[in-house]
Amino acid sequence: MSVIPLSRPDISDAEIRAVTDVLRSGRLSIGPRQDRFEEMIAERSGRSHGIAVSSGTAGLHLIMLGLGIGPGDEVITTPFSFIASSNCILYVGAKPVFVDVDPQSLNMDPDKVEAAITPKTKAILAVEVFGNPMHMERYAQIAQKHEILLIEDCCEGLGGRHNGKPIGSYGRAGVFAFYPNKQITTGEGGCIVTDDDRLAEMCRSLRNQGRGAMTTAADTNSKTGERAGSWLAHERLGYNYRLSEIAAALGIAQMERLDTLLDRRREIVAEYTRRLMDWEDLMLPNSPCDDPDALESMSWFVYVVRLASRYGHVERDRVIEGMHRHEVGAANYFPCIHLQPFYRETFGYKKGDFPIAESISQRTIALPFYTQMDRTSIELVVQTLKVMLQREQLLKRD
Ligand SMILES: *Cc1c(COP(=O)(O)O)cnc(C)c1O
């Protein structure tokens, strides 16, 4: 591992204690911690239901199923994201319809979203890329006007808000994710949020092998662990997408520290910004919205800088490799989804299909970003980046 990794989970004694407590309790799945964790996520995102699942991807899959999206349906989404936001559309046999991004926020350009709507469009699946809530209100208006669904892949945006409205509260449903590089982690995990009672019930059933809604902790005898009624009654084709009590306990302990963790991430952003601000070769991550509290409203998932447009992926890749040689983490977030081998081969996408996303994706560098970074490690990242950029300018002059 690099001396300075790209990301690192923040696990305190409270998390370790919470996990060992579950192990001692003997109740390792479907218990009170799952319920509590769901409540905390729902409350934070201003929703009435949280449904904990085994990953963000699993949550997206269940939303697609629960909303009845399937073959013949089109879902408008972004090519500039983690691949799961588009794969979940394919899982149910529907068609992802990509639209290009707005170069400021890196989220979908709302005008292009509206222009892509056809009679087959069932939903807009919007991603708060890197935790940026920009345009969510516009997507919600467009969805309402055209009577289609808005689904939020808010896997990168826990705890963010725009104009006081939390990330996760814009669409019919949303999903958060808790892989170790996210703002909080459960190891692996996710949580669906929605105000739709029927959808919530359906997602609970689907994540639990298609069992009826009764098989929750409350229906389990607390002494014997036996479940009432229909543990062996499967009402529909379901999955095992449950989140264990061990993971939920970790999640609760992380949620109790969420504001501290987010504040620390903001401080690191401010520190990076201060040091990198005047570099002509570099564009810093944009503040999410026009309002002055923009920096406060974003939930910072990663810190991604962009090389100036006179650079291309060759220089960018050399900068990243150079940083790796110096044991400093860096990554090219994100390669465009439509240019991934599977998408090219299956759907015939090619370079030039979504030029803005492609141009940006060639020039991005995610820098190390985690709560335990101190001034010295930030300084080391900044100095290493500087050396690599200077080297590229020299190469250009030859
Ligand atoms: C992290 C993430 C997911 C879900 O990832 P899992 O590893 O399945 O939890 C989905 N979409 C986006 C945009 C993500 O960043």
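What you are looking at is a predicted structure, and each value in this text was computed from that prediction instead of being measured. Both counts, for ligands and for their atoms, begin at 1 and track the order of listing.
For atom 7 (O) of ligand 1, the closest non-hydrogen atom on the protein side is Y179 CB, 4.2 Å. Considering only non-hydrogen protein atoms, atom 1 (C) of ligand 1 sits nearest to K182 NZ, 1.5 Å. With hydrogens left out, the protein atom closest to atom 10 (C) of ligand 1 is C155 SG, 3.4 Å, a heavy atom. From the protein, the heavy atom lying nearest to atom 12 (C) of ligand 1 is D153 OD2, 3.5 Å.
Residue F80 is tested with F98, F334, Y333 for a ring-ring contact (aromatic ring centres under 6.0 Å, His included); the sole match is F334.
Residue S85 has no nitrogen or oxygen atom sitting less than 3.5 Å from a nitrogen or oxygen atom of ligand 1, judged on distance alone. Considering backbone and side-chain N/O atoms, A58 never comes within less than 3.5 Å of an N/O atom of ligand 1. Note: an N/O pair closer than 3.5 Å links E156 and ligand 1 by distance alone. Taking distance alone, with nitrogen or oxygen atoms compared against 3.5 Å, E188 stays at or beyond that limit from ligand 1.
Less than 4.0 angstrom separates some heavy atom of V127 from each of these atoms of ligand 1: 13 (C). Applying the 4.0 Å criterion to heavy atoms of T57 picks out, from ligand 1, the atoms 4 (C), 5 (O), 6 (P), 8 (O). Those atoms of ligand 1 that come under 4.0 Å of a heavy atom in S81, given as number and element, are 13 (C). Atom numbering of ligand 1 starts at 1 in the shown order; those under 4.0 Å from a heavy atom of G56 are 4 (C), 6 (P), 8 (O), 9 (O).
Geometric assessment of R266 against the ring of W300 yields a negative cation-pi assignment under the 6.0 Å and 45° thresholds. A cation-pi arrangement, defined by a distance under 6.0 Å to the six-membered ring centre and an angle within 45 degrees of its axis, is present between K165 and Y170.
Considering every non-hydrogen atom in both S299 and Q183, the closest pair reads OG-NE2, 2.9 Å. Scanning all heavy atoms of the two residues, the minimum distance from R33 to E245 falls at N-OE1, 2.9 Å.
Between Y241 and Y239, the ring-plane angle classifies as parallel under the 30° and 60° cut-offs.
Around the CZ atom of R306, the shell of radius 6.0 Å holds more than 12 heavy atoms that belong to other residues, nucleotides or ligands.
Checked for salt-bridge contact, R318 and E392 meet the test: a charged N lies under 4.0 Å from a carboxylate O.
Ligand 1 lies nowhere less than 4.0 angstrom from a heavy atom belonging to G190.
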Would you check, one step at a time, whether the test ring pair (Phe, Tyr, Trp, His ring centres under 6.0 Å) holds for Y343 with H338?
-> CA-CA 5 Å; Y343 279 78; H338 69 284; 8.9 Å; no
